[in-house]
Amino acid sequence: MLRILRITVATIGFVVLTLFFLDYTDTISPVFGSSARLQIVPAIMTGSFVILAGLLLATILFGRLYCSILCPLGILQDLIRRISLRFQPKKKGSYSPKRTGIQLFFLALALVFLGTGFTFGLALLDPYSIFGRIVANLFSPIVLWGNNLAASIFTLTGNYFLYGVAIVYGGTVPLLISFLMLGLIGYMSWRFGRLYCNTVCPVGTFLGLLSRLAIFRFRIDSNRCSRCGLCSSHCKSSCINIANHTIDTSRCVVCFDCTAKCPKNAIQWNIISKRKKEPVSLSENVVPEPSKRCFIATLLSVGGVVSTVVPKASAETLEISWTGNKPYKRKLPLTPPGSVSAEQFQTHCTSCHLCVVKCPSKVLKPALMEYGLKDMLQPVMSFEHGFCNYDCTVCGAVCPNRAIRPLILDEKHLNQGGRVVFIEENCIVRTNGTSCGACSEHCPTQAVHMVPYEKEGTDGLMIPEINEDLCVGCGACEYICPVRPFRAIHIDGLAVHQKATPPVVEQQEEGTAVPAEKETDFGF
Amino acid sequence: MDRKDFFKSVAAAGLSSCMIFNQDDPVTAAENAPRRTDLPYDLVAVMGGEPSDMFQRGIKELGGMEAFVKKGQKVTIKPNMAWARAPEFASNTNPELVAEIVKACYAAGASEVTVFDHTTDEWRKSYEMSQIEAACKAVDAKVVPANEERYYREISLPKARRLKTVKIHQAILDADVWLNVPVLKTHGGARMTISMKNLMGIVWDRAMLHRNNLQQCIADLATLPHPPALNIVDAYRIVKSNGPRGISEADVVNAKALFFSSDMVAVDTAGTKFFAQFAKMTVSEVSHIAAAERLKVGTTKIETLRVQKIKL
């Protein structure tokens, strides 16, 4: 019964989160993506003590339920294991000893990464982010490809209910990393169930330390047990030792597979009193102190990370030098709108790539070395495939880490994440003496506006002129500039996002909003 | 376009700008215009009503939609829905007007009415926020995407000066008849966007036009062998400044006008002159109009046309 409940809850959460990642039509409300916020590492990043306390309390009460019903990577492994059992129905697991050294090594590593702000390292260890990248970089393109194939078939029959979606290649490195991670974790779960969760995963180890205190736990009734070994051979965590009737609570993910398998009903899950706990817990090298220490260390690092959130008061204004006809090299990368500052963004993002798949304009792509090695894979603004829609706030709405803060539209309209750079020497109006204005046409704030190009004296010829203070850094101008190989207009990043000057609102002549109809005629 | 083509076209741009004075006489050009002479009027202008009322009145003056759409024909309507903006900003054609035209096409016996635009903002957002998609679907129009190259086919423009070949959306090429429904706006690059500039939304590679003398390319595009049967210019709300997108509603004038003509040059001339009442603008500044006249697309000499002006 509890097993079915566990599977039901896990399946619903997993399916909803996966679908949310894969939904390219923006029909699933961000509310359904909020299960990402319940993940431990995002909760640490956002400093959400309520969620964190809830998760820790649940673990102290019930053990590592989190790993079974909330962690999408854990559920993915269960799925892989299930498939493996279809192929090898006779496969049998057995008890394996705990690998405390490896576990503590990865946990310590994760804490060091968290404490030092080496988010790339943390991103490689955080189970939620690993899952996110697998879906975003591997599953999403497959779904889009399938959609496009179906769309092209339906279009041939004149049916347009499906439409093609551009598949933007995020780069080899994120693809490779996601692929290798899926390969490694997939192999481990195919062969050994939850081995990854019980050796590498720092979240698993951390919760394992807490679950040693669990109030509800499994216990084998030695009087009823016939030592058939069914429970042990079906345990995905290989944590049931049938020889001495013990269950390693620190590795148990509370899946209830054992209780369901036991023909004698010899395994019970109930409240274990302090006294009875002693013989149950495994006397392997771990003493209780590390859990406390780790817990405190985590809280401290959380505090440390949170304290870095406050942006620096003074903003450095970028000195932009003209580069003539040469290609323009961005001096600073562009972080998404709502990221407050590069530092705020980089210390909070664990590269789950949810914003990358959700961005309707395909502006966000995983960084390679734009931010440096420390923050590799974090999304960076790129205007190759589109520009940031003026009226869109999706990335901030979905970010579970608050690396990208949610912005309301009015805030977004004045959020300056970058500033425009115009290279007149490259502009068509100057080089060809012909009209263009694509940049100004696309500029939502008219930070790029057209002024008469007096030089030629040509009637009606206009050239762009920029006002960086109005610029919101959306990149529409850079995206649309037709000049090749080197564009004439670019956006450069800002270390700290600024407030743009509100757009100049055209003053109505003689103070009337709408001219009276009598005053105007046909004009011809 | 590869780099070689690019340099070629840059060179050609230089040459053609030298040839600009070696032009045809505009009067003889007008004689070859694809303007229909069997209609009661060459140009109809209606002022002072709601979009649907002005449309009903204007189309009646031209002999009804039946004069353009025959029973069983496949019709395509090309509004301007390039921007992810609400109708109040007038960046896009008025949704009420487009829906009214769809209804009129079906009433005239159209077998199917298709609506599309190659948007500048992200297309799903543009289709939605312009409210044109919803308005058209409500009256059974087929709203089709234009975001992928496979929807476009290359055609040649034999009368063009620079834009000799261009990829056009199949909804235009496969239609028996199509209607061009632009919105009247100022434009930073082309100076005005009316009927001819609206044709850029039927093209796949717009950047190519921008690279190769935009104004001439717009005129070249207007020589397409499959021109719109009728241009209905929405000037109910117009963007008088910071166009074509506009920043706020302060850029918008509630001008309440609608222009009809099968002659793109004439209707763009009329539209520009109408616009000049709200902001500084001359027809000569909008140089694609004169360029199109040279290519015999139509005439700027409105006084030689049979014009019907109606104030509601």
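To find a chain, count down the sequence lines: A is the first, B the second, and so on, and within it residues start at 1.
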Exercise. Donor-acceptor pair, B/Lys142 side chain versus A/Tyr160 backbone, under 3.5 Å?
Worked result: no

Exercise. Out of B/Pro244, B/Ala190, B/Ala235, B/Ala207, which one racks up the most heavy-atom pairs below 4.5 Å with chain A?
Worked result: B/Pro244

Problem set entry | Interface moiety of B/Val307 toward chain A, non-hydrogen atoms closer than 4.5 Å | side chain

Problem set entry | Any donor-acceptor N/O pair, B/Asn147 side chain to A/Gly164 backbone, under 3.5 Å | yes

Seminar exercise, completed: Distance col, row B/Ile310:CD1 vs A/Phe522:CZ, nearest 0.5 angstrom, shows 7.5 Å

Problem set entry | Contacting region of B/Val46 [heavy-atom separation from chain A under 4.5 Å] | backbone

Exercise. Where on B/Tyr151 is there a heavy atom nearer than 4.5 Å to chain A: the side chain, the backbone, both, or neither?
Worked result: side chain

Exercise. Side chains of A/Phe524 and B/Gln277: closer than 4.5 Å at any heavy-atom pair?
Worked result: no

Exercise. Which atom pair, heavy atoms only, marks the closest approach of A/Ser435 to B/Gln215?
Worked result: OG-CG, 3.4 Å

Problem set entry | Between CG on residue A/Asp391 and CG on residue B/Asp121, distance to nearest 0.5 Å | 8.0 Å

Problem set entry | Worked verdict on B/Lys125 versus A/Asn389 for side-chain contact (heavy atoms from CB on, under 4.5 Å) | CA-CA 9 Å; B/Lys125 280 189 177 298; A/Asn389 184 291; 3.5 Å; yes

Exercise. Where does B/Gln170 contact chain A at under 4.5 Å (heavy atoms): side chain, backbone, both or neither?
Worked result: side chain

Exercise. What's the spacing between B/Asn212 CG and A/Ile428 CD1 if we round to 0.5 Å?
Worked result: 7.5 Å

Problem set entry | Rounded distance [0.5 Å steps], CD in A/Gln446 versus CG in B/Asp251 | 8.0 Å

Problem set entry | Contact origin within B/Ala270 toward chain A - heavy atom pairs under 4.5 Å | both

For this session: Indicate yes or no: at least one non-hydrogen side-chain atom of A/Tyr24 is less than 4.5 angstrom from one of B/Arg124.
Result: no

For this session: With a 4.5 angstrom heavy-atom cut-off, could you sort out which part of A/Ala488 is near chain B: side chain, backbone, both or neither?
Result: neither

Seminar exercise, completed: Turns out that what part of A/Thr155 lies under 4.5 Å from chain B's heavy atoms comes down to side chain

Exercise. Counting only heavy atoms not in A/Tyr169, do more than 12 sit closer than 6.0 Å to its OH atom?
Worked result: yes

Problem set entry | Residue part contacting chain A, namely of B/Ala257, when any heavy atom lies under 4.5 Å | neither

For this session: Could you check A/Met462 against B/His187 for side-chain contact (heavy atoms from CB on, under 4.5 Å), going step by step and ending with a plain yes or no?
Result: CA-CA 10 Å; A/Met462 310 275 270; B/His187 194 282; over 6 Å; no

Exercise. What part of B/Met129 is in contact with chain A, defined as an atom under 4.5 angstrom from a non-hydrogen atom: side chain, backbone, both or neither?
Worked result: side chain

For this session: Would you mind reporting whether B/Arg211 and A/Arg484 have side-chain heavy atoms less than 4.5 Å apart?
Result: yes

Problem set entry | Contact origin within B/Ile302 toward chain A - heavy atom pairs under 4.5 Å | side chain

Seminar exercise, completed: Value for CZ (B/Arg245) from NE2 (A/His442), rounded to nearest 0.5 Å, stands at 10.0 Å

Problem set entry | Interface moiety of A/Phe387 toward chain B, non-hydrogen atoms closer than 4.5 Å | side chain

Exercise. In terms of heavy-atom pairs under 4.5 Å, which option from B/Glu122, B/Arg150, B/Glu148 contacts chain A the most?
Worked result: B/Arg150

Exercise. Can you tell me how far the CG atom of A/Asn432 sits from the CG atom of B/Asn213, to the nearest 0.5 Å?
Worked result: 8.0 Å

Exercise. For the residue pair B/Ile247 and A/Pro503, what are the closest heavy atoms and their distance?
Worked result: CG2-CB, 3.4 Å

Exercise. Can a salt bridge be assigned to the pair A/Asp521 and B/Lys311 using a cut-off of 4.0 Å between side-chain N and carboxylate O?
Worked result: yes

Exercise. Picking from A/Cys481, A/Pro444, A/Ser440, which has the most non-hydrogen pairs under 4.5 angstrom with chain B?
Worked result: A/Pro444

